[in-house]
There are 2 protein chains.
Amino acid sequence: MEQIINTLKKHGLRITDMRRDVLQCFAEVDYALNHQDLELKMSKGFDRVTLYRTIKTFEEKGIIHRIASETDSISYALCKDSCAENDHKHKHVDDHIHFTCHKCEKTLCLDAYHIPQIKIPDGFQVENIQLIVAGLCNKCSIHD
Amino acid sequence: MEQIINTLKKHGLRITDMRRDVLQCFAEVDYALNHQDLELKMSKGFDRVTLYRTIKTFEEKGIIHRIASETDSISYALCKDSCAENDHKHKHVDDHIHFTCHKCEKTLCLDAYHIPQIKIPDGFQVENIQLIVAGLCNKCSIHD
DNA sequence: GTTTATGCAAATTCTTTGCAATACT
DNA sequence: AGTATTGCAAAGAATTTGCATAAAC
């Protein structure tokens, strides 16, 4: 909670219920959440539009980052400190691998597993790399 | 054209205008197309609903594969033969890198560039890997 | 002649915008 | 007090479903 307020302050955002709740949602889980996941986790009575705006703000400030996945459109996860340095024109740098489970449908950040060096054709400029592995996560692969 | 008809036949699909047109669109470009791209490329007068169904069918049959990207939702590209072997329960296997350009916003299949070997934590089962590099493509990086 | 695919209407769901009321600092 | 954020209404897109018609085999 202390943590959450600090995060907001650090990025120059006012402390509001919605923002606290959303950050709380992310703090409670170890996987990425999409818009719908957040709606379901939120205490009911919240406003959908505000949620859209909150997500957008967090993304712009570098508090959360997008994770693309083939299955469920776009989901989000908290950024590590290393990536949230720059308030204006935040450019997210992900160096870890994401894993999407086909069974529980959760997307995890494998923070300890880094994206290897890769080759790209001449003339291409790399700004950002995403590596998404899909399959069965450690929990789901047991019952298989 | 011959090619297109063969593709449809090979997957047990009837030859229709819509299907021919959609495959034609993919054949004409060397980058991935999303739903909206296809709408714009299609000869006008087509039906949006049928396009949804066509994309879905092609995906199920393994004629096209999804490419996730943070920016534009989901796009599609033609599968190589190697990946379209299995009609029922098609499981797409991509071994090449995808590149999304931030300027022209196109997503390319870098067929000649393969995803390197990666490490995953114990207990996770890998079924599929996507590596998406974003930045400036060879054409757009020139004017920069 | 059968079966599959299409086109249309309509229902749902998702996302964005504008603006007045409210809450934060 | 001054500014940022919210909540609501409403508009605009995107996506899905059902069903009768038309096209493919």
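Naming convention: chains lettered A, B, ... in sequence-line order (proteins, then strands); numbering from 1 in each chain. All heavy atoms count here, side chains included; hydrogens, waters and symmetry mates do not.
Between the side chain of Arg14(A) and the base of dT3(D) there is at least one donor-acceptor pair of N/O atoms closer than 3.5 Å.
A distance-only check finds no donor-acceptor pair linking the side chain of Thr107(B) to the backbone of Thr100(B) [under 3.5 Å]. Remark: side-chain polar atoms of Arg19(A) are paired, donor with acceptor, to backbone N or O of Arg14(A) under 3.5 angstrom.
You'll find that the side chain of Tyr52(A) is closest to dC14(C), out of dT3(D), dC25(D), dC14(C).
Between Gln130(A) and Asn128(A), the shortest heavy-atom distance links the atoms CG-OD1, 4.1 Å. Pairing each heavy atom of Phe26(A) with each of Leu38(A), the nearest pair is CZ-CD1, 4.1 Å. When every heavy atom of Cys137(A) is checked against every heavy atom of Leu108(A), the shortest pair comes out as CB-CD1, 4.2 Å. Heavy atoms only, all atoms of each residue included: Leu136(B) and Phe99(B) are closest at O-CZ, 3.4 Å.
Rounding to whole angstrom units, CZ of residue Phe58(B) and P of dA5(C) are separated by 10 Å. Rounded to whole Å, atom P of dA5(C) lies 15 Å from atom CZ of Arg20(B). Taking atom CD1 of Ile55(A) as the reference point, atom P of dC14(C) lies 13 Å away to the nearest angstrom. Between Glu59(B) atom CD and dT15(D) atom P the separation is 13 Å, expressed in whole Å. His35(A) has its NE2 atom 15 Å from the P atom of dT13(C), to the nearest Å. Atom CD of Glu60(B) is separated from atom C1' of dA5(C) by 14 Å (rounded to the nearest Å). Taking atom CG on Leu8(B) and atom P on dT4(C), their separation rounds to 16 Å, with Å as the unit. For the pair Ile5(B) CD1 and dA24(D) P, the interatomic distance rounds to 11 Å; values are reported in whole Å.
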Problem set entry | Worked check of side-chain contact (heavy atoms from CB on, under 4.5 Å) between Tyr113(A) and Ile120(B) | CA-CA 7 Å; Tyr113(A) 291 76; Ile120(B) 287 293; 5.6 Å; no

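Nearest-nucleotide positions on DNA chain D place Thr57(A) closer to the 5' end than the other of Gln36(B) and Thr57(A). Between Leu13(B) and Glu39(B), the residue anchored closer to the 5' end of DNA chain D is Glu39(B), taking for each the nucleotide with the nearest heavy atom.
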Within the sub-3.5 Å range, which N or O atoms of nucleotides 6-11 of chain D have a protein N or O partner, and how far apart are they?
{"residue": "dT6(D)", "atom": "OP1", "partner": "Thr16(A)", "partner atom": "OG1", "Å": "2.8"}
{"residue": "dG7(D)", "atom": "OP2", "partner": "Thr50(A)", "partner atom": "OG1", "Å": "3.3"}
{"residue": "dG7(D)", "atom": "N7", "partner": "Arg53(A)", "partner atom": "NH2", "Å": "3.2"}
{"residue": "dG7(D)", "atom": "O6", "partner": "Arg53(A)", "partner atom": "NH2", "Å": "2.6"}
{"residue": "dC8(D)", "atom": "N4", "partner": "Arg53(A)", "partner atom": "NH2", "Å": "3.4"}

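Tyr52(B) is linked by a ring pair (Phe, Tyr, Trp, His ring centres under 6.0 Å) to His35(B), counting only residues two or more places apart in sequence or in another chain.
The aromatic rings of His65(B) and His98(B) sit parallel to each other, their planes meeting at less than 30°, with 60° as the upper class boundary.
Remark on the helix from dG1(C)-dC25(D) to dT25(C)-dA1(D): inter-end axis angle 40°, axes from five-pair C1' superpositions, rounded to 10°.
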